[in-house]
Amino acid sequence: MEATTAAPKKRILSCIQPSGIPTLGNYLGALKNWKTLADEFDGAFAVADLHAITVRQEPAQFRKQINDVLALLLAIGLDPDQSILFIQSQVPAHSQLAWILNCYTQFGEMSRMTQFKDKSQSHADNVNVGLFAYPVLMAADILLYQADLVPVGADQKQHLEIARDIAQRFNTLYSPTFTVPEPYIGKQGARVMSLQDPLKKMSKSDPNPKSYISVFDAPDVISKKIKSAVTDSEGSVRFADGKEGINNLMGIYACCTGLTNEQIEADFAGKGYGDFKAAVAEAVIEELRPIRERYERYSNDKAYLKEVAAQGAERASRVANRTLQKVMKKIGFVLP
Ligand code: TRP
């Protein structure tokens with residue numbers, strides 16, 4: 001009875017680039033929620049390695065990072081039997097659909113992408129066509145799986161908008177082919193800022209390693225970085241304008257402990273920043289400890305990672321190829 005009345009779960013898709021070890025910001029802002037999403041929806045999660053080569057990668061390091069990010073997906077609790085976990089480049093349909101969609105996307109639309117404009121300034125020596133067409137590959141990722149929902153942070157909103165435009169355009173030009181994806185605005189993850197300049201987002205590409213905490217930093221490293229975080233001279237733990245350093249640490253602490261700002265202010269009334277920083281460091285260490293431990297187990301088990309990737313690629317290909325075939329047929333390609 002239940003089987004006929006229950007609506008099918010919505011599909012949610014998200015990808016993470018294997019370009020360096022994710023930070024505490026990536027974790028608290030996005031990854032921490034993926035396990036919940038996997039339980040609530042029909043999830044597909046990928047390591048977006050094709051996206052990562054818009055920047056030059058050192059081969060041995062790149063290979064390690066791809067495996068590490070797959071291990072991290074397992075470490076945050078994603079279950080390869082429940083969700084589709086895969087490596088993007090192992091599913092050729094992504095490259096194939098991306099080429100096709102390039103021909104349904106205008107130069108002018110891509111030129112307006114703010115991330116392209118920013119990145120072409122920061123990597124002025126390598127403004128490649130892949131960097132320009134990056135949002136189309138992302139649209140292919142999403143549309144291949146007929147994803148209903150895509151969790152997006154502020155920096156990816158414009159890219160999801162383009163994916164929607166491309167889907168709608170194709171559907172109108174031919175006939176309904178793609179699900180038009182919606183942004184998934186979940187429980188507000190923390191927007192974690194740099195520990196050295198709390199007006200900037202925490203970023204793993206920051207030249208100053210003291211500005212970010214990596215999800216695999218050892219406890220003593222985490223303590224040191226938080227101890228040296230920039231604060232202010234007022235000396236009281238409260239959330240207020242002009243206290244961006246403290247606000248950031250409060251946000252991190254709130255996210256790890258589930259406390260509200262009011263509770264934190266009450267707990268630290270009359271105490272100094274030293275005590276507060278020690279508490280924040282402890283909370284972050286405990287938050288990341290199980291992930292680091294599981295990561296160490298998985299990342300050393302290359303055979304298991306290979307098996308997870310192979311199984312994921314097979315399941316992903318089944319879904320993706322169905323969409324790709326539909327698209328190719330509508331355009332008029334001669335199918336084998
Ligand atoms: N561009 C995304 C990022 O840098 C990663 C990504 C690639 C992605 N393909 C995606 C995210 C599809 C969501 C859906 O964060």
Side-chain angles (χ1 to χ4, degrees), residues 10-23 25-34 37-38 41-55 57 65-66 69-70 72-73 76 78 83-91 93-98 101-102 105 110 113-120 122-123 130-167 178-186 189 191-192 201-205 215 312 316 319-320 323:
K10 289 193 170 181
R11 162 141 303 156
I12 198 157
L13 174 128
S14 201
C15 307
I16 177 168
Q17 287 197 52
S19 47
I21 300 169
T23 66
N26 300 127
Y27 178 70
L28 295 180
L31 293 171
K32 186 174 153 117
N33 283 330
W34 285 15
L37 297 178
F41 301 106
D42 178 7
F45 301 95
V47 181
D49 54 350
L50 294 172
H51 279 95
I53 64 164
T54 54
V55 175
Q57 304 287 346
Q65 281 175 187
I66 296 167
V69 172
L70 184 63
L72 176 64
L73 295 186
I76 62 172
L78 295 178
S83 308
I84 306 181
L85 295 191
F86 66 103
I87 298 175
Q88 185 189 31
S89 66
Q90 294 186 354
V91 182
H94 290 252
S95 306
Q96 293 171 289
L97 185 64
L101 296 182
N102 275 332
T105 307
M110 289 297 99
M113 296 289 107
T114 53
Q115 193 174 79
F116 171 70
K117 288 195 259 185
D118 293 347
K119 292 212 166 150
S120 48
S122 56
H123 315 165
L131 185 68
F132 186 69
Y134 172 118
V136 181
L137 176 59
M138 183 163 156
D141 298 340
I142 298 166
L143 302 181
L144 279 173
Y145 297 89
Q146 307 289 356
D148 301 288
L149 298 169
V150 180
V152 277
D155 61 330
Q156 298 297 323
K157 250 196 173 135
Q158 203 182 23
H159 293 160
L160 181 62
E161 222 21 77
I162 276 288
R164 290 170 51 86
D165 291 346
I166 295 172
F178 296 123
T179 300
V180 180
E182 302 281 343
Y184 175 79
I185 315 287
R191 186 173 151 79
V192 179
K201 211 175 118 177
M202 181 179 282
S203 162
K204 61 192 163 205
S205 51
V215 289
V319 181
T323 305

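Whatever order the structure lists ligands and atoms in, that order sets their numbers, starting from 1. Everything numeric here is computed off the predicted structure, so don't read it as measured data.
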Name the residues with a heavy atom less than 4.0 Å from ligand 1? Leu13, Cys15, Gln17, Ala48, His51, Tyr134, Met138, Asp141, Ile142, Val150, Gln156
Which of these passes side-chain contact (heavy atoms from CB on, under 4.5 Å) with Val136: Asp141, Thr105, Leu97? Thr105
Ala98 meets the side-chain contact (heavy atoms from CB on, under 4.5 Å) criterion, sequence neighbours left out, with Leu137, Ala140
Quick one: list whatever passes side-chain contact (heavy atoms from CB on, under 4.5 Å) with Asp49, sequence neighbours left out. Pro18, Phe62, Ile66, Ile87, Gln88, Ser89
For Leu37, the side-chain contact (heavy atoms from CB on, under 4.5 Å) test, sequence neighbours excluded, returns Ile12, Trp34, Phe41, Pro151, Tyr184
Enter the distance from Lys117:NZ to Met110:CE here, rounded to the nearest 0.5 Å. 12.0 Å
Considering only NZ, NE, NH1 and NH2 on the basic side and carboxylate oxygens on the acidic side, decide whether Arg11 and Asp148 come within less than 4.0 Å. no
